[in-house]
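The block underneath contains the structure these notes are about, expressed in structure tokens.
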Amino acid sequence: MAKRYDEVMSLSLRRGFIWPSVDIYGGFAGFYDYGHLGAAMKRKWENLWLKYFLGLSKRYHLIDTTNILPFKSLKASGHVDHFTDILVSCSGCGMSHRGDHLVQDETGKSAESLSTDEIDAEIQKLGLKCPKCGGALQSSTEFNMMIPLSIGPTGADKAYLRPETAQGAFLNFKREFESLRRKIPFGLAIIGRAFRNEISPRQGTYRMREFIQAELQIFFNPNTFDDEVDFKSVEDEVLRISFEDKKEDGHVENIRAGDLIDRLPKFYVYHMVKIQQFYLDLLGMPRERFRFAELGEKERAFYNRLHFDIEIKLDSMNGWGEINGIHYRTDHDLSGHQAGSNEKMTVTVDGERVLPHVLELSFGVDRNIWAFLDVFYEKNEKSVLRLPRRIAPITIGVFPLVSKGGLPELAIEIFESLDDDFECFYDEAGSIGKRYARMDEIGTPFCLTVDYDSLENKDVTIRERDSTHQKRVPISELSQTFKDLLKTGAGF
RNA sequence: GCGGUCGUGAUCUAGCCUGGUUAGGAUCUGAGGUUCCCAACCUCAUUGCUCGGGUUCAAAUCCCGGCGGCCGCACCA
């Protein structure tokens with residue numbers, strides 16, 4: 001609902017999570033900046049993502065690669081050709097259509113590889129009119145979703161901002177294969193920015209022209225990977241899935257992982273389970289808001305053999321919103337770069353010569369941040385952001401009950417002792433209730449309050465956000481108490 | 001990109017149709033008071049008509065254009 005979208009965006013603007021870039025000049029469509037709370041939350045999400053997904057294997061590692069890629073590499077990857085649409089607009093109603101679709105609908109043959117001139121010639125020859133209003137079609141224009149750059153003093157070196165971080169992993173495959181001692185499987189993770197020239201960016205951080213991806217590319221031997229994952233450990237997990245044919249009506253099936261292996265590879269299901277556990281167990285996403293949604297042959301990219309999106313049910317988006325994808329890219333990328341660069345990408349492992357396949361776990365970081373704000377923001381008479389403890393931008397609010405009588409001094413002392421290990425925030429302005437409310441609204445899971453008894457007994461009150469329950473804890477035990485409370489599943 | 005609709009302090013909004021005092025309210029924020037364990041109260045204060053042009057004696061208000069938001073279509077390898 002637009003109302004929900006406005007609620008979440010209003011919180012975000014007011015408190016400092018996310019807002020439009022270049023705001024003071026009227027904004028810049030498709031670009032958003034993170035404020036101090038948003039940036040802190042995003043960093044925590046990214047760190048948790050890294051810890052969890054790199055933790056799946058000792059052979060999964062983080063790398064960091066350039067935002068700008070030369071023409072050649074993106075030609076080889078298929079993006080120069082396949083990331084382009086040829087658009088034809090109608091001189092009557094102004095509607096634009098994809099040129100290759102118009103021609104293909106008429107001839108029944110794929111027209112995807114035709115140039116603008118060829119499309120125009122076909123339209124002439126076939127006498128095509130606007131399918132909407134029957135008006136005359138204008139000559140076609142090429143539209144590439146990649147943002148082009150001119151590099152060097154003459155600008156002669158053509159390049160693009162990367163449309164996905166994944167290419168950085170493929171381009172570094174050979175180097176890493178060597179430095180990781182010539183073994184597969186291994187995984188290369190990248191957290192970084194990607195750029196797409198979206199025609200009409202909309203819906204806040206859901207369709208941006210510059211966005212952040214967290215991706216893990218896993219390189220493996222397709223003949224042996226099923227046996228290399230510990231499928232036994234996940235086979236009883238029940239996954240929430242919508243298959244292609246049942247996706248539209250919102251139907252979600254609960255299927256045991258072990259019962260999926262007649263239609264999906266074990267290694268694929270294994271990673272589905274790990275992703276579901278990341279959201280449901282580690283981050284506390286409500287189960288009914290989570291699902292895998294299958295993409296059919298027409299929907300998925302040319303390089304994907306299998307593609308499920310991870311979707312979260314969002315009130316601000318009026319339903320299921322895609323936040324991540326699991327893509328089985330086969331050997332598409334390595335064989336493309338092998339052909340484009342003349343570098344051999346095949347490897348010999350255990351006497352067998354293989355061109356590794358790739359499983360991509362792709363996460364939209366901005367979409368995740370938005371999804372967590374939407375799902376966990378509760379706005380009634382009170383305003384509470386019930387974020388998972390580990391991605392809350394501030395962990396502990398530290399207050400003196402009143403700002404006199406020696407209470408601020410002790411509170412500041414405690415604040416300083418905890419601030420190295422936890423994100424803390426000190427406040428003595430306004431009533432104690434007001435200060436709790438301020439922390440509730442930005443998702444701070446715990447507050448501690450120093451009162452007059454604290455001076456005598458050397459203890460303080462800890463107050464938990466969701467229950468508003470309080471406990472008395474000795475000052476000397478605070479650090480350990482909060483460490484325990486931040487463990488997954490810890491109760492208050 | 002096409003069409004519709006909208007744009008008032010940090011946030012939400014009244015005023016606009018029917019041009020005319022210091023643009024009103026609520027929340028938030030800051031200072032002071034109060035010292036109260038869940039958005040209490042009192043005093044004071046800061047911040048605004050999206051930008052540019054036009055009409056007019058006079059524009060938040062009418063007209064045109066830009067930028068931006070949302071919705072529909074298209075697009076989203």
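Convention: sequence-line order gives letters A, B, ...; per-chain numbering from 1.
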Inset, instruction - Could you tell me whether Arg14(A) contacts a base, only the sugar-phosphate backbone, or nothing, with contacts defined as non-hydrogen atoms closer than 4.0 Å? - result: sugar-phosphate

Legend entry - Partner nucleotide, any strand, of C57(B) [Watson-Crick/G-U, under 3.5 Å]: G20(B)

Inset, instruction - Mind listing the residues from residues 458-465 of chain A sitting with a heavy atom below 4.0 Å of RNA chain B? Number order is fine. - result: Thr461(A), Arg463(A)

Inset, instruction - Record whether the side chain of Ser403(A) comes under 3.5 Å of the base of U35(B) through a donor-acceptor pair of N or O atoms. - result: yes

Legend entry - Residues Glu164(A) and Arg193(A) bridged, charged N to O under 4.0 Å: no

Legend entry - Sugar-phosphate, base or nothing in reach of Gln203(A), heavy atoms under 4.0 Å: sugar-phosphate

Inset, instruction - Establish, with yes or no, whether the OP1 or OP2 oxygen of U29(B) is under 4.0 angstrom from a side-chain nitrogen or oxygen of Arg438(A). - result: yes

Inset, instruction - Would you mind checking if Asp374(A) and Arg289(A) are paired as a salt bridge, meaning a charged N to carboxylate O distance below 4.0 Å? - result: no

Inset, instruction - Kindly say whether, by distance alone, the side chain of Arg202(A) makes a donor-acceptor pair under 3.5 Å with the base of G68(B)? - result: no

Inset, instruction - Would you mind classifying the nucleic acid contact of Arg196(A) as base, sugar-phosphate or nothing, using non-hydrogen atoms under 4.0 angstrom? - result: base

Inset, instruction - Kindly assign one of parallel, tilted or perpendicular to the pair Phe170(A) and His337(A), based on the angle between their ring planes and the thresholds 30° and 60°. - result: tilted

Inset, instruction - Searching all strands shown, indicate the nucleotide that pairs with G72(B) (Watson-Crick or G-U wobble; both distances under 3.5 Å). - result: C2(B)

Inset, instruction - Searching all strands shown, indicate the nucleotide that pairs with U43(B) (Watson-Crick or G-U wobble; both distances under 3.5 Å). - result: A31(B)

Legend entry - Presence of salt bridge, Arg472(A) and Asp459(A), under 4.0 angstrom: yes

Inset, instruction - Look at the side-chain N and O atoms of Ser200(A) and state whether any lies under 4.0 Å from the OP1 or OP2 oxygen of G1(B). - result: no

Inset, instruction - Inspect the contact between Arg14(A) and Glu441(A) and indicate whether a charged nitrogen and a carboxylate oxygen are less than 4.0 angstrom apart. - result: yes

Legend entry - Watson-Crick or G-U wobble mate for U50(B), both contacts under 3.5 Å: G66(B)

Legend entry - Pairwise 5' ranking along RNA chain B for Lys434(A) and Tyr452(A), keeping only the more 5' one: Lys434(A)

Inset, instruction - May I ask you to say whether Lys382(A) pairs ionically with Asp440(A), meaning some side-chain N is under 4.0 Å from a carboxylate O? - result: no

Inset, instruction - Looking at every strand, decide which applies to Ile199(A) at a 4.0 Å heavy-atom threshold: base, sugar-phosphate, or nothing. - result: base

Inset, instruction - With heavy atoms under 4.0 Å as the rule, sort Gly78(A) into base, sugar-phosphate or nothing. - result: nothing

Inset, instruction - Give one of base, sugar-phosphate or nothing for Asp440(A), where a contact means two heavy atoms less than 4.0 Å apart. - result: nothing

Inset, instruction - Using the C1' atom on both, measure C12(B) against U29(B) and round to a whole Å. - result: 15 Å

Inset, instruction - Report yes or no: do Tyr328(A) and His307(A) form a side-chain donor-acceptor pair below 3.5 Å? - result: no

